[in-house]
Amino acid sequence: MTEIETFRTETRAWLAENCPPEMREPVRSDADVCWGGRRFEPSSPAQKQWLDRMGERGWTVPDWPTEYGGGGLTPAQTKVLREEMAAIRARNPLNSFGISMLGPALLKYGTEEQKLDHLPKIARGQIRWCQGYSEPNAGSDLAALATSAVSDGDDYVVNGQKVWTSYADKADWIFCLVRTSKDSKQGGISFVLFDMDSPGVSTKPILLISGYSPFCETFFDDVRVPKANRIHDENKGWDVAKYLLGHEREMISGMGLGGGGRNPLIEGAIATVGLDHDGRLADPLLRARIAEFEVRARAFGAMSERFIDELKAGRAHPAQPSMMKYYGTELNKQRHELAMAAGGSDALEWESERSNGGAAPRAWLRTKANSIEGGTSEVQLNIVAKRILELPGA
Ligand SMILES: Cc1cc2nc3c(=O)[nH]c(=O)nc-3n(C[C@H](O)[C@H](O)[C@H](O)COP(=O)(O)OP(=O)(O)OC[C@H]3O[C@@H](n4cnc5c(N)ncnc54)[C@H](O)[C@@H]3O)c2cc1C
């Protein structure tokens, strides 16, 4: 048996013993998603057990070094773990902006002290992070940000406003872009970390039309941030910001992959239109649309595997996350459009028990934000045109 086959066998056995049966059920509501943090209240003992067991093994961040709370796995082992978890439909033990966004940036740009301070707490789900990038006048044109950080001894004094800060009211700490110089647009930005309980930080949830508030306006009023909390050099925060965005876009592009294993799109279509005598979907038009979609989805899946391998090996083109983010999110929107079309008028059910409180239409509407969050599709296409295709005038 090769080394990687032995690892697969051991991983399979460990997961069989340690992943609680409840944690192999599909995620049904927000409560099923574990975000960790100081105020984390597990929705069940199994959710807590799964987080703790995976955290102890470093498998919430399998490819991070062990000294920072990771599993120290090679890219090949990490892939095996991902495959074995997918095979038993194990839930992600921890959803975290710390893992998908801040962690990689800290690993690249943080000092040893900063890494040892923050990474293990991210790995164990002890601190929940939010992202302070967008401002009322700085979205796509992010480098126009105006939140100021003025030097005062060993601290910065931060004043300004962020917007669309996802879960700012639930987060413990924020990673934040601030302006430390007005001399240069990109070259006057610094990247700082601070506790959301710091005096002068306040949040105001933004109420959506649905009545739900997944994000906030976030205000800073003379917030003192130690300079020791700055990542990388002063006025070099744009490098960190862009690197982090690449990882955010990689994470968001994963939406294009669907759930793996079960295929709710096909299952839903069969439930609505049934099968013909040959065991094929009875509606030929719908069948053709789904087949066409599945070809695109599989091609994206293969491309995505290649991209992740290249990224982990440090060989990915810096603009590749934009390409993957664009295609993955557009694909996810198409998947849900098709699921709604396949479900007929029943698919619009919003409140019934049968529809699990309108899970499908709610998920469909949520996908509309996929091509905005982490940078809009139009902006990703601009980046692809300029950085990959090298189009003139782009
Ligand atoms: C669900 C969700 C969660 C979010 N969470 C966070 C978060 O946690 N933290 C955070 O900091 N931000 C967050 N955001 C904000 C997000 O990053 C911004 O919404 C996004 O970058 C777009 O900025 P904007 O909303 O200001 O739109 P604008 O930049 O005003 O864009 C408006 C429209 O103009 C188009 N446009 C703009 N410039 C160009 C151009 N050069 N070429 C072609 N078209 C262009 C855009 O594509 C868009 O269609 C979140 C957004 C969403 C939807």
Side-chain angles (χ1 to χ4, degrees), residues 30 33 35 37 95-102 105 128-147 158 160-179 185-186 189-194 196 201 203-210 212-220 237-238 240-255 319 321-322 325-326 328-330 332-333 336 362-387 389 391 393-394:
D30 276 357
V33 179
W35 287 93
N95 246 41
S96 154
F97 295 166
I99 293 177
S100 54
M101 298 193 227
L102 178 62
R128 183 170 179 176
W129 288 85
C130 64
Q131 177 187 35
Y133 272 33
S134 307
E135 296 185 4
N137 293 311
S140 300
D141 186 13
L142 182 60
L145 63 94
T147 291
V158 175
Q161 186 201 335
K162 298 289 171 180
V163 74
W164 315 124
T165 329
S166 296
Y167 308 114
D169 51 341
K170 299 186 173 63
D172 305 311
W173 276 64
I174 186 167
F175 48 92
C176 193
L177 296 179
V178 292
R179 181 153 298 287
K185 196 174 173 185
Q186 277 90 355
I189 293 170
S190 296
F191 188 106
V192 293
L193 315 176
F194 51 95
M196 291 293 280
V201 178
T203 60
K204 192 170 158 206
I206 300 170
L207 194 64
L208 300 186
I209 195 171
S210 64
Y212 181 54
S213 295
F215 36 41
C216 295
E217 292 178 285
T218 307
F219 301 92
F220 309 125
W238 190 243
V240 188
K242 278 191 302 182
Y243 184 75
L244 184 146
L245 271 175
H247 284 271
E248 178 178 7
R249 288 170 184 162
E250 177 214 336
M251 179 260 298
I252 296 174
S253 81
M255 290 169 178
S322 291
K325 199 263 170 185
Y326 168 74
T329 54
E330 294 297 333
N332 199 36
K333 289 203 296 191
H336 286 263
R362 284 169 203 272
W364 164 60
L365 291 174
R366 178 62 182 81
T367 64
K368 305 293 177 194
N370 296 163
S371 48
I372 302 173
E373 58 200 322
T376 66
S377 277
E378 291 77 12
V379 167
Q380 305 318 304
L381 287 174
N382 283 349
I383 295 172
V384 170
K386 193 168 156 186
R387 307 279 310 279
L389 301 175
L391 292 182

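As a basis for the values below, the full set of heavy atoms in this structure was taken, side chains included, without hydrogen atoms, waters or symmetry mates. Every number for a ligand or one of its atoms is a count from 1 in the order of the listing.
The nearest non-hydrogen atom to atom 28 (P) of ligand 1, considering only P136, S134, G139, S140, comes from S140.
In terms of N/O distances under 3.5 Å, ligand 1 is not approached by E373. The shortest N/O to N/O separation between R366 and ligand 1 does not fall below 3.5 Å. On a distance-only criterion, S166 and ligand 1 share at least one N/O pair closer than 3.5 Å.
A heavy-atom distance below 4.5 Å is found between the side chains of F220 and K162. Counting only heavy atoms from C-beta outward, the side chains of C176 and Y133 never approach each other to under 4.5 Å. Side-chain contact between L391 and K386 is absent, with no heavy-atom pair separated by less than 4.5 Å. Between D172 and M196, every side-chain heavy-atom pair lies at or beyond the 4.5 Å cut-off. Annotation: side chain of E217 is in contact with side chain of Q161 (closest heavy-atom distance under 4.5 Å). Residues S96 and R128 form no side-chain contact, since every pair of their non-hydrogen atoms from C-beta on lies 4.5 Å or further apart.
Atom 39 (C) of ligand 1 has its closest protein heavy atom at V379 CG2, 4.2 Å. Summary of contacts: the protein heavy atom closest to atom 13 (C) of ligand 1 is W164 O, 3.1 Å. When hydrogens are left out, the protein atom nearest atom 9 (N) of ligand 1 is Q131 O, 2.8 Å; that is the closest non-hydrogen contact. For atom 49 (O) of ligand 1, the nearest non-hydrogen atom of the protein is E378 OE1, 3.8 Å. For atom 19 (O) of ligand 1, the nearest protein heavy atom (residue, atom name, distance) is I372 CG2, 3.5 Å.
Using a cutoff of 4.0 Å between basic side-chain nitrogens and carboxylate oxygens, E373 and K368 are not scored as salt-bridged.
In summary, the atoms of ligand 1 found under 4.0 Å from a heavy atom of F215, numbered by their order in the structure, are 1 (C), 2 (C), 3 (C), 52 (C). Short contacts between ligand 1 and Y133, defined as distances under 4.0 Å to a heavy atom of the residue, involve ligand atoms 11 (O). Set against the non-hydrogen atoms of N382, the atoms of ligand 1 under 4.0 Å away are 40 (C), 41 (N), 42 (N), 43 (C).
Heavy-atom distances between E248 and ligand 1 stay at or above 4.0 Å for every pair.
Using a 4.0 Å cut-off between heavy atoms, T376 contacts ligand 1 through its side chain alone, with no backbone atom that close. By the criterion of a heavy-atom distance under 4.0 Å, neither the backbone nor the side chain of Y167 is placed next to ligand 1.
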For this session: Using the side-chain hydrogen bond (donor to acceptor under 3.5 Å, both in side chains) rule, take E330 and S377 through it: C-alpha gap first, then chi angles, then the decisive distance, then the call.
Result: CA-CA 8 Å; E330 294 297 333; S377 277; 2.6 Å; yes

Problem set entry | Criterion ring pair (Phe, Tyr, Trp, His ring centres under 6.0 Å) on W173 and F194, from CA distance to verdict | CA-CA 6 Å; W173 276 64; F194 51 95; 8.0 Å; no

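In this structure, atom 32 (C) of ligand 1 is not in close contact with the protein, since no protein heavy atom lies within 4.0 Å of it. Shown here, atom 5 (N) of ligand 1 is in close reach of the protein: a heavy atom of it lies under 4.0 Å off. Closer than 4.0 Å to atom 35 (C) of ligand 1 lies none of the heavy atoms of the protein.
Ring-centre distance between F97 and W129: not below the 6.0 Å cut-off.
Each of E250, E248, M255, R249 was scored for a side chain to side chain contact (heavy atoms under 4.5 Å, CB included) with K325, with one residue passing: R249.
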